[in-house]
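Order of listing sets the numbers, starting from 1, for every ligand and every atom in it. All values derive from a computational prediction rather than experimental measurement.
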Amino acid sequence: VTVTVSSTASHPIPTTLWGQMFEDINSGEGGLYAELLQNRAFQQVTPGTTASLNAWQAINGAGISVIKETTPVSAALPNALHVTIPSGKTGQVGFGNTGFAGIKVTAGQTYTASFYYRFPTSSGFRGNAIVGLQTTSGQVLGQTTVSLSGAQTSWTQITVTFQPTTTPSSTANRFTITLDGTAASGQTVLAEMGPSFFRLPGGNNLEGQTTANRWQWNATVGPLVNRPGRQGDWGYVNTDGLGIYEYLTWCEDLNMQPIMAVWSGYSLGGSSVAEAQLGPYIQQAIDQINFVIGDPAKSAAAALRSSLGHPQPFALTYVEVGNEDNFGSSTYGYRWKDIVNALKAQFPNLHFIATTLVNNPVLSPVPTEYDVHNYNTPTWFAQNSFYYDDIARNGMKYFEGEYAAISTNSSNIFGAVGTGRLSYPTMQSAAGEAAYMTGLERNSDIVFAASYAPLIGHVTNHQWTPNLIAHDANGVYRSTGYYVQKLFSLNRGDEYLPSTLPSRTGTLFWSVVRKKSTNQIIIKVSNTAAASAALTFSLPFGTVGTSGTLQTLTGSATASNLPTNPNLIVPVNSTITTGKTFNFNAPAVSVSVITFTAQ
Ligand SMILES: [NH3+][C@H]1C[C@H](O)[C@@H](O)[C@@H]1CO
């Protein structure tokens with residue numbers, strides 16, 4: 001096929017085009033959130049149940065149980081671990097935590113441990129607790145001692161640091177606190193992608209199964225001891241140690257702008273807050289936004305931000321109202337109207353993104369942006385790369401907030417692995433997504449942002465596959481889909497150059513952009529076919545570089561990068577002969593980026 005490129009740009013490409021969507025689906029807890037211990041504060045568990053001791057285990061015969069404390073360490077943390085050292089015990093006795101399916105231990109790194117303790121009744125015990133990391137078979141990797149006093153009947157916090165001297169080959173390790181059995185017997189002792197935006201905090205995990213279980217920004221800030229946590233939407237307790245302030249400073253550190261959601265009055269159990277009862281939830285949304293951008297002199301929420309060390313507002317342009325409210329579209333009409341009218345009055349410069357189907361229902365005020373989600377087969381993405389070409393240019397802008405090729409079974413997209421659902425992205429799913437992304441780039445006059453979802457998932461402990469990045473205690477595993485996202489994100493242009501359009505029903509797709517600051521032309525090509533494809537590029541520029549760089553991601557269509565072989569399919573860099581007219585042969589099932597100068 002011959003691709004003739006125009007020298008006149010059709011439109012500028014928004015700097016926000018490629019970004020990341022985040023929600024905690026075993027991606028914060030045990031993932032981005034640096035806490036190594038699972039169930040660290042027995043939050044949201046029922047004392048006395050097996051689940052309440054999730055990840056905790058007794059060592060050498062100690063008696064451990066989770067109790068509802070009579071004098072809790074804080075209102076937010078009502079539960080405590082009750083530890084009894086049976087009489088007559090010798091050797092180290094206590095309890096351990098096995099982390100999130102393991103703990104990676106590296107010699108020489110400094111580990112910080114912190115816990116509160118108290119004795120329920122005063123005792124003459126004076127002794128050392130040994131705090132450290134061991135293999136689950138008991139080999140000590142690193143530890144330190146701290147003295148405990150039986151006279152301490154009110155909660156007191158202990159913080160220690162230590163450096164393991166051994167790096168074990170396995171992550172089957174645990175954090176331990178033990179006492180000398182002889183001294184303590186009979187005592188009871190109560191504890192990187194260049195994304196331009198970051199969507200938070202979800203996704204379903206914003207919504208709650210009920211109004212009471214929704215994500216609430218104010219429950220996720222301040223000292224950990226004051227964060228109650230919540231029953232998340234993915235089957236486990238969120239400690240909320242990774243909270244709104246951590247998300248916002250993360251965005252600042254990575255130079256990403258947040259696309260932040262406020263709760264919209266609908267929960268996944270199907271309940272909607274009645275219009276007459278929306279007031280307090282709207283106020284909570286106003287406070288949430290003030291926490292992010294408000295004036296500390298005028299808003300308590302902004303003053304809270306300032307007190308945490310960030311007096312200046314964070315960058316914020318987009319606020320999403322809910323998530324996938326197409327599931328609650330019968331009540332979104334009034335929920336959107338009342339929430340957006342109130343928020344727009346307080347924050348006239350913000351953009352509010354609607355989350356129902358586009359214009360269904362018709363909303364007032366008319367949204368300026370919609371969040372569109374697409375989960376489908378690799379073929380669907382290739383065959384719908386013109387999804388936005390046919391959409392009216394009427395001022396509406398679109399956020400492709402969640403997209404991923406998740407199954408090869410078009411009649412059961414969300415089915416289980418084994419019925420076509422992918423456990424990990426494949427080369428075929430990545431090429432399909434790349435085809436679709438050339439369409440997002442071509443239509444970036446109305447698509448201002450796009451993000452694959454979900455971003456991260458745990459290798460074994462997951463509720464959704466595939467994920468862009470897999471992780472476990474041993475590390476992170478970059479998928480084929482990750483490399484496509486990275487290839488597009490790191491090879492952005494600032495304007496789109498129209499060219500011969502790919503066939504809508506074909507298997508070969510491309511986009512051409514120009515990076516004005518470096519006079520570079522960047523051509524992205526996705527070949528979703530099982531055979532290589534020949535392209536000839538014809539360029540209208542006076543001078544065109546005779547040599548360019550070629551980055552190619554290719555591999556067997558059904559192959560994935562697995563934790564056991566994480567680098568099976570990675571981008572390969574080479575040079576390519578370019579010029580006013582040049583040829584390129586796109587390998588079967590491949591995604592390529594060709595970069596060269598022209599002016
Ligand atoms: N069900 C998907 C849609 C929802 O918004 C996300 O939380 C889920 C995984 O990305």
Backbone or side-chain N or O of N205 under 3.5 Å from ligand 1 N or O: no
Under 3.5 Å: N/O of E402 near N/O of ligand 1: yes
Closest protein heavy atom (residue, atom, distance) for atom 6 (C) of ligand 1: E23 OE2, 2.9 Å
Protein heavy atom at shortest distance from atom 10 (O) of ligand 1: Y375 OH, 2.8 Å
Kindly give the heavy-atom pair with the smallest separation between [X] and [Y], and that separation in Å.
X: G555; Y: I569; answer: CA-CD1, 4.0 Å
X: M396; Y: N359; answer: CE-OD1, 4.2 Å
X: R335; Y: T331; answer: NE-OG1, 2.8 Å

If the contact criterion is a heavy-atom separation under 4.0 Å, does [X] count as touching ligand 1?
X: P454; answer: yes
X: W234; answer: yes
X: F414; answer: no

Sub-4.0 Å atoms of ligand 1 with respect to non-hydrogen atoms of N323: 4 (C), 5 (O)
Numbered atoms of ligand 1 (with element) below 4.0 Å of E324, judged on heavy atoms: 3 (C), 4 (C), 5 (O)
Evaluation steps, side chain to side chain contact (heavy atoms under 4.5 Å, CB included), between L440 and Y387: CA-CA 8 Å; L440 298 179; Y387 188 95; over 6 Å; no
Other residues, nucleotides, ligands: >12 heavy atoms within 6.0 Å of N394 CG: yes
Aromatic centroids of Y436 and F509 separated by under 6.0 Å: no
cation_pi(K344, F352) dist<6.0 Å, angle<=45: no
Residue part near ligand 1, for N204, under 4.0 Å between non-hydrogen atoms: both
